[in-house]
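Written below as structure tokens is the structure these notes are about.
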Amino acid sequence: MAALPTPQSSDPQALTALIASLDLSPHPEGGFFRRTHVNPAPSAEGNASTSIHYLLTPTSPIGYFHRNNKATIYHLHHRGRGRYVLIHPPATPEEAHRVEILNVGPGDRDGERIMWVVGPGVWKSSFVDAEESQNGLLISEVVVPGWEASGHEFLSQEKLANMVDAEAAEWMRDLVWKDGEQDVAREKLERHCPTKVRN
């Protein structure tokens, strides 16, 4: 399993400047973000799609496990390297959850993704490559239909233990908000993730 990064006390000047130039704010899931585009639905409630920039850095190197129950999310790589850990729901009651680990980056290494898609109901977590955390990991996400708080859910330690075997749960437990932290993150999510674009 890939080594998880340890949060650092400060970010490199280049990443601090990038956060400022892109006008990013702390994301309740971890990392930094800014909503960049909203495409209203022509004849329905909600939006047809929404887009964000998303950045992981040494001070906030993990995007904690969550899922969107209604939307498909398209991810586009810009810079840095990292991992996405996905837990796919079983296709039938007899099947187990499937864990998938994606290496994401500029594409000059075997198996490295520059674009990846996460479907509805799939749990996902992300973290910056521990050996190259000083470069951060910058991506864009396009959510179809548009992101809404009502479709978002954080993973709990209890649910994780019920989905994967003990070895996998032990490795992934630091990618899940600890008990009590989820409510705080959820409150921040609803308060700081507006439906309008921040100009």
Side-chain angles (χ1 to χ4, degrees), residues 1-6 27-31 33 49-52 54-56 60-78 80-133 137-179 181-182 185-186 189:
M1 296 292 187
L4 297 182
T6 301
H27 198 302
E29 294 168 1
F33 86 110
S49 66
T50 54
S51 304
I52 66 168
Y54 184 66
L55 175 68
L56 295 174
S60 191
I62 294 174
Y64 291 91
F65 264 118
H66 61 282
R67 69 177 176 181
N68 193 300
N69 295 316
K70 302 176 181 178
T72 298
I73 305 175
Y74 300 84
H75 303 74
L76 307 169
H77 174 268
H78 294 302
R81 284 189 163 91
R83 307 283 191 277
Y84 267 70
V85 184
L86 309 179
I87 304 177
H88 297 267
T92 67
E94 293 76 24
E95 295 183 8
H97 288 79
R98 179 171 62 89
V99 176
E100 181 181 18
I101 300 177
L102 306 180
N103 295 323
V104 302
D108 57 358
R109 295 180 181 175
D110 288 345
E112 204 166 56
R113 307 285 190 94
I114 60 173
M115 179 179 176
W116 58 103
V117 180
V118 178
V122 176
W123 296 100
K124 70 169 183 172
S125 176
S126 55
F127 57 94
V128 68
D129 192 311
E131 296 180 355
E132 301 186 36
S133 65
L137 175 65
L138 176 64
I139 69 165
S140 288
E141 292 185 1
V142 181
V143 184
V144 181
W147 185 92
E148 291 187 6
S150 60
H152 183 281
E153 182 182 0
F154 282 114
L155 183 61
S156 67
Q157 298 284 347
E158 181 180 0
K159 284 186 178 180
L160 175 66
N162 290 331
M163 288 192 298
V164 300
D165 60 42
E167 182 180 359
E170 175 65 20
W171 176 76
M172 290 189 279
R173 64 184 177 85
D174 288 334
L175 299 175
V176 178
W177 281 122
K178 295 179 176 60
D179 293 340
E181 294 176 331
Q182 288 189 58
R186 178 70 184 181
L189 194 72

Q | CG/Leu76: more than 12 non-hydrogen atoms of other groups inside 6.0 Å | A | yes

Q.
Under the ring-ring contact (aromatic ring centres under 6.0 Å, His included) test against Tyr84, which residue among Phe127, Trp123, Trp116 passes?
A. Trp116

Q. Do Glu100 and Val122 touch side chain to side chain, with heavy atoms closer than 4.5 Å?
A. no

(Q) With heavy-atom distances below 4.5 Å as the criterion, would you say the side chains of His27 and Ser60 are in contact? (A) no

Q: Provide the closest heavy-atom pair for Val128 versus Pro5 in the form atom of the first, atom of the second, distance.
A: O-CG, 3.6 Å

Q: Give the intermediate values and the outcome of side-chain contact (heavy atoms from CB on, under 4.5 Å) for residues His77 and Arg113.
A: CA-CA 8 Å; His77 174 268; Arg113 307 285 190 94; over 6 Å; no

Q | Rounded distance [0.5 Å steps], CD in Glu170 versus CG in Leu160 | A | 10.0 Å

Q. Would Val118 and Asn68 satisfy side-chain contact (heavy atoms from CB on, under 4.5 Å), going step by step from the backbone distance to the final call?
A. CA-CA 9 Å; Val118 178; Asn68 193 300; over 6 Å; no

Q: Work out which heavy atom in Ser156 is nearest to a heavy atom in Lys159; give both atom names and the distance.
A: OG-N, 3.1 Å

Q: Test side-chain contact (heavy atoms from CB on, under 4.5 Å) on Leu155 and Tyr64 and set out the steps.
A: CA-CA 8 Å; Leu155 183 61; Tyr64 291 91; over 6 Å; no

Q. Can you tell if the side chain of Ser51 reaches within under 4.5 Å of the side chain of Val142, non-hydrogen atoms only?
A. yes

(Q) Just verifying a value: how many Å separate Gln157 CD and Leu175 CG, rounded to the nearest 0.5 Å? (A) 9.5 Å

Q) So how far is it from Trp177 CH2 to Ile62 CD1, rounded to the nearest 0.5 Å? A) 9.0 Å

Q: Considering non-hydrogen atoms only, spot the tightest contact between Ala161 and Ala169 and give its length.
A: CA-CB, 4.4 Å

Q. Which heavy atom of Leu56 sits nearest a heavy atom of Gly63, and at what distance?
A. CD2-N, 3.9 Å

Q.
Distance check, rounded to the nearest 0.5 Å: Ser125 atom OG versus Asp174 atom CG?
A. 10.0 Å

Q: Identify the heavy atoms of Pro28 and Phe154 that sit nearest to each other, and give their distance.
A: O-CZ, 4.1 Å

Q: Please determine if Glu112 and Arg81 form a salt bridge, counting it only when a charged side-chain N lies under 4.0 Å from a carboxylate O.
A: yes

Q | Euclidean distance, Glu141 CD relative to Lys124 NZ, rounded to 0.5 Å | A | 3.5 Å

Q | Lys70 side, atom NZ; Ser150 side, atom OG - distance, nearest 0.5 Å | A | 3.5 Å

Q | Exam field: side chain Glu132 to backbone Gly80, donor-acceptor pair closer than 3.5 Å | A | no

Q. How far apart are the C-alpha atoms of Val85 and Phe65, what are their side-chain angles, what is the distance that settles it, and do they pass the side-chain contact (heavy atoms from CB on, under 4.5 Å) test?
A. CA-CA 8 Å; Val85 184; Phe65 264 118; 3.7 Å; yes

**Q.** Sole candidate of His88, Met163, Met172 that passes side chain to side chain contact (heavy atoms under 4.5 Å, CB included) when paired with Val99
**A.** Met172

Q. Which of parallel (below 30°), tilted (30 to 60°) and perpendicular (above 60°) describes His66 and His152?
A. parallel

Q) Heavy atoms, side chains only, cut-off 4.5 Å: are Pro120 and Thr72 in contact? A) yes

Q | Arg83 and Asn103: side chain donor to acceptor below 3.5 Å | A | yes

